[in-house]
Structure formats: C-alpha cells, structure tokens
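All ligand and atom numbering here is 1-based and tracks the order in the structure. What you are looking at is a predicted structure, and each value in this text was computed from that prediction instead of being measured. By convention here, the first residue in the shown sequence is residue 1.
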Amino acid sequence: MSFDLNSLLRAHILRLQPYTSARDEYTGKEGVFLDANENPFGSITSEDFNRYPDPYQSALKEEISKIKGVRPSQIFLGNGSDEAIDLLYRAFCNPGKDNVILLPPTYGMYEVSAHINDVEIRKVSLTTDFQLQPQKILEAADANSKILFICSPNNPSGNKMKRADILFLLEKFPGLVVVDEAYIDFSDEPSFTTELSRFPNLLVMQTFSKAWGLASLRLGMAFGSEDLIRILNKIKPPYNISGLTQETVLSAIKDKAKVDRMIRDILSERDFLHEELEKFPFVQKIHPSHANFLLVQIPNANRVYDDLIEEKVIVRNRAKVLLCVDCLRITVGTREENKALLKALSKVCS
Ligand SMILES: *Cc1c(COP(=O)(O)O)cnc(C)c1O
C-alpha cells in the first residue's frame, strides 16, 4: 500500500527546526574549542569526560552498520529502546486524538509511554498460544491509528510471532509497524531488518541490554527508512548517548565472539532449566521460549512468588497479566543461579 510518512507525522514536528549544537557547525577534531562552555582543565574524575560527545554517534553507527547489515543512516541510537518508543509517540501521536494498537500480553513500556503522552490505546489480545490476530488488528485500526507494536520474540510469553502474519500486517496496517526484537539474539528467527527495503512503514528495534549484557549503559537501536530515522534524530535530545557509553560499546562490539559465546551459554542454560522444571510434578506448563527467559505456569503463583522472595530468589510475577494466569517469568541465570531457583522452587512447592 502507499505510505506517506509526512502525512502520518504530527504537523508541528514536520515544521520543527531542530536544536543545532556547537559541534554541528564545526566537525573537525583539531582546534581550540571555546564553543561549548566545557571545562578546559579536564574532569574531576581520573579519566576525562569534559567534552560533549558526538550527537550523531557516527563511529558507533559505522560499527553497528557492519554487524547488522543496515546503512548508518538507517540507524537510530537511543538511551535504551525505551527512548525510541517515547520519541515515536511524540513524533506521530497527537494526544487526545490519535491511537496506537497494543497486543497484550506484551512489554509494558508501550502502554506506559502511551499514557505519559496521553495517547489512546486500542488492545487486541494475542491468541491463547500467544500468536497475532491480524484480521482483528486491522479491524481495530482507523485513520488515527499511528503505530502498531509487535514484540517478537514476545515478552513475557517468549515465543516468536509467525513471520507471515507480521508481513501481512506490514502490507495492510495504515500506520507504522514497530517490530521489537529485544530478544532476537536468542532466537533462530532472522531479523526483520532484511525487510526494511520493502516496507517504509517498518521500524525494527533491538537493544544492547540483553544478549550483549550492557543493560546498565542504556543503548537501544532502531532501524528504519532514512526518512523515519531522520525524524527520530530531529527530535531526540542532542546528546542522548553519553560519551562513556559510545566508547565502551565501540570497543566491546569488536568482540562479537564473546557475545556469541554468552548467547550459546544462555541457550544451553535455558535447555537445562526447561528440562529440570519439567521434572517437577507441580509445574503445569512451560511455554516454549525464543528468549532468555521461561514463562512457567504453577498453581498459586502469587504465593509461590512471595515464598521465593523469602528464599531470596526473585522472579517476575506475571500472574495478573492477560493470558498469563498463574505464570511466573523466570530469567535464565548461570548454572549456580538456576540451581538455586530450582532448589527454592522445590522447597516452596512441596
Ligand atoms: C528488555 C526489553 C527492551 C529493552 O529495553 P532497553 O530500554 O533497551 O533496555 C525492549 N523491549 C522489550 C520487549 C524488552 O523486554
């Protein structure tokens, strides 16, 4: 279908003149820098942080481009994926007028961010086996439906969505389709970044918080058309990614072998945890996972959750979430942590 990004955009964002930072006007590395009111003597810390970082994270995007097979101009970097989610709302959704479509049970930030931005939410639940209902999603949409959030592999259920369903929605949905791939590294599913050239309404989100083990640094990625990425860059806070984060990730990203090793270890621990949980007679269901967690159904999950805390084992209680009755979401830990979880669980459930 024909897709016009500018007509989807809020009118004042289309007109907006972005902030131009001191470093936009002169990009050379050599010189006497008296343009940004920085401290010329250095920092209070042993390492120097006195200069503002690159607002466009060019060096980092160059490296990410290589491992993701996406041009640097198609990459947006945010202070966590959560920043990209918020910027999408602010760019496309007129408060009190536009709406977004959410597919519960799913990641909570889509909803919180909608509330923060005073944007109407239309919910179309997943099926009981956590798959999409494409026809119902289209029926829920109207001319003011600006964004559809699809999380695949999905949090908290752990499954991946059928690729054909996502492709169908990319063809038919009138607004942007966000495919949140925070857990893609734990799945055998290829990324939707390969579909970017076909679908100008697609935005793929990934993160350094999970497989890369960098949750504390706060670095999320979004991949989309150059026009879409330009919009996010235009409205982001100029220095949204700290220099420390840029430099740390830039040097870490070269050790792709270590990430692959960690992913392998997590997947083998996921198998271990699954096998051991299956042996417990009280475990009703372990949902198949393409992520680094397992959604597990256990009778009286609320009580079990509290009792586990008494044992100093903290899992995520999803028992009150739609389609997740009596479910706990358990992150895959180290062998030692998984054994501690199993021991505590067998104690509080016997
Ligand atoms: C963890 C997670 C993220 C990552 O968020 P960051 O802000 O990048 O840490 C994004 N989406 C989903 C579904 C997640 O579970």
Side-chain angles (χ1 to χ4, degrees), residues 57 60-61 64 68 75-90 100-114 116 121 123 126 130-132 147-161 166 176-187 189 191-193 202-224 232 236-237 240-242 244-246 248-249 252-253 259 262-263 266 270 287 289-295 314-318 321-324 327-333:
Q57 307 101 24
L60 187 49
K61 283 180 184 170
I64 293 174
K68 298 294 179 184
I75 303 172
F76 169 82
L77 297 179
N79 185 13
S81 313
D82 294 345
E83 182 174 38
I85 296 169
D86 179 67
L87 290 176
L88 284 170
Y89 278 102
R90 289 202 273 156
V100 295
I101 303 209
L102 305 186
L103 314 174
T106 195
Y107 186 46
M109 274 314 289
Y110 315 139
E111 176 156 1
V112 172
S113 215
I116 290 169
I121 296 167
K123 292 186 179 176
L126 298 174
F130 301 118
Q131 286 298 322
L132 302 167
I147 313 173
L148 165 64
F149 285 95
I150 299 173
C151 188
S152 181
N154 188 42
N155 178 2
S157 53
N159 64 295
K160 59 179 179 180
M161 301 301 165
I166 300 179
L176 288 178
V177 177
V178 173
V179 180
D180 185 345
E181 296 184 335
Y183 299 98
I184 192 76
D185 302 293
F186 306 107
S187 172
E189 185 73 10
S191 169
F192 267 84
T193 50
L202 170 62
L203 188 83
V204 177
M205 293 199 308
Q206 293 184 11
T207 179
F208 281 93
S209 297
K210 307 285 157 65
W212 291 81
L214 298 172
S216 175
L217 290 183
R218 311 304 304 129
L219 190 65
M221 297 167 270
F223 309 107
L232 296 178
K236 79 181 180 71
N240 61 328
I241 309 297
S242 80
L244 186 59
T245 295
Q246 291 188 47
T248 309
V249 178
I253 207 170
V259 182
M262 287 197 293
I263 293 170
I266 289 169
R270 185 177 77 190
H287 292 276
S289 173
H290 281 258
N292 63 340
F293 55 83
L294 294 172
L295 188 71
I314 300 92
V315 298
R316 189 92 157 117
N317 185 1
R318 299 285 82 185
V321 171
L322 184 76
L323 301 176
C324 298
C327 284
L328 302 177
R329 193 193 69 194
I330 304 173
T331 305
V332 176

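Here E111 pairs with K123 under the salt bridge (charged side-chain N to carboxylate O under 4.0 Å, His left out) rule; sequence neighbours left out. With sequence neighbours left out, T207 forms a side-chain contact (heavy atoms from CB on, under 4.5 Å) with S81, A182, S209, K210. Partners of V259 according to the side-chain contact (heavy atoms from CB on, under 4.5 Å) rule, which considers only residues two or more places apart in sequence or in another chain, are W212, I263.
When atom types are taken as modelled, the side chain of R270 and the backbone of L294 share no donor-acceptor pair closer than 3.5 angstrom.
A donor-acceptor contact under 3.5 angstrom links the side chains of Q57 and N240, judged on distance only.
Using cut-offs of 30° and 60° on the angle between ring planes, the pair F293 and Y183 is perpendicular.
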Please produce the table of protein N or O atoms sitting under 3.5 Å from N or O atoms belonging to ligand 1, one pair a line, distance to 0.1 Å.
residue  : atom   : partner : partner atom : Å
ligand 1 : 7 (O)  : S81     : N            : 3.0
ligand 1 : 7 (O)  : D82     : N            : 3.3
ligand 1 : 7 (O)  : R218    : NH2          : 2.6
ligand 1 : 8 (O)  : S81     : N            : 2.7
ligand 1 : 8 (O)  : S81     : OG           : 2.8
ligand 1 : 8 (O)  : T207    : OG1          : 2.7
ligand 1 : 9 (O)  : S209    : OG           : 2.7
ligand 1 : 9 (O)  : R218    : NH1          : 2.8
ligand 1 : 9 (O)  : R218    : NH2          : 3.3
ligand 1 : 11 (N) : D180    : OD1          : 3.4
ligand 1 : 11 (N) : D180    : OD2          : 2.7
ligand 1 : 15 (O) : N155    : ND2          : 2.9
ligand 1 : 15 (O) : Y183    : OH           : 2.6
ligand 1 : 15 (O) : K210    : NZ           : 3.3

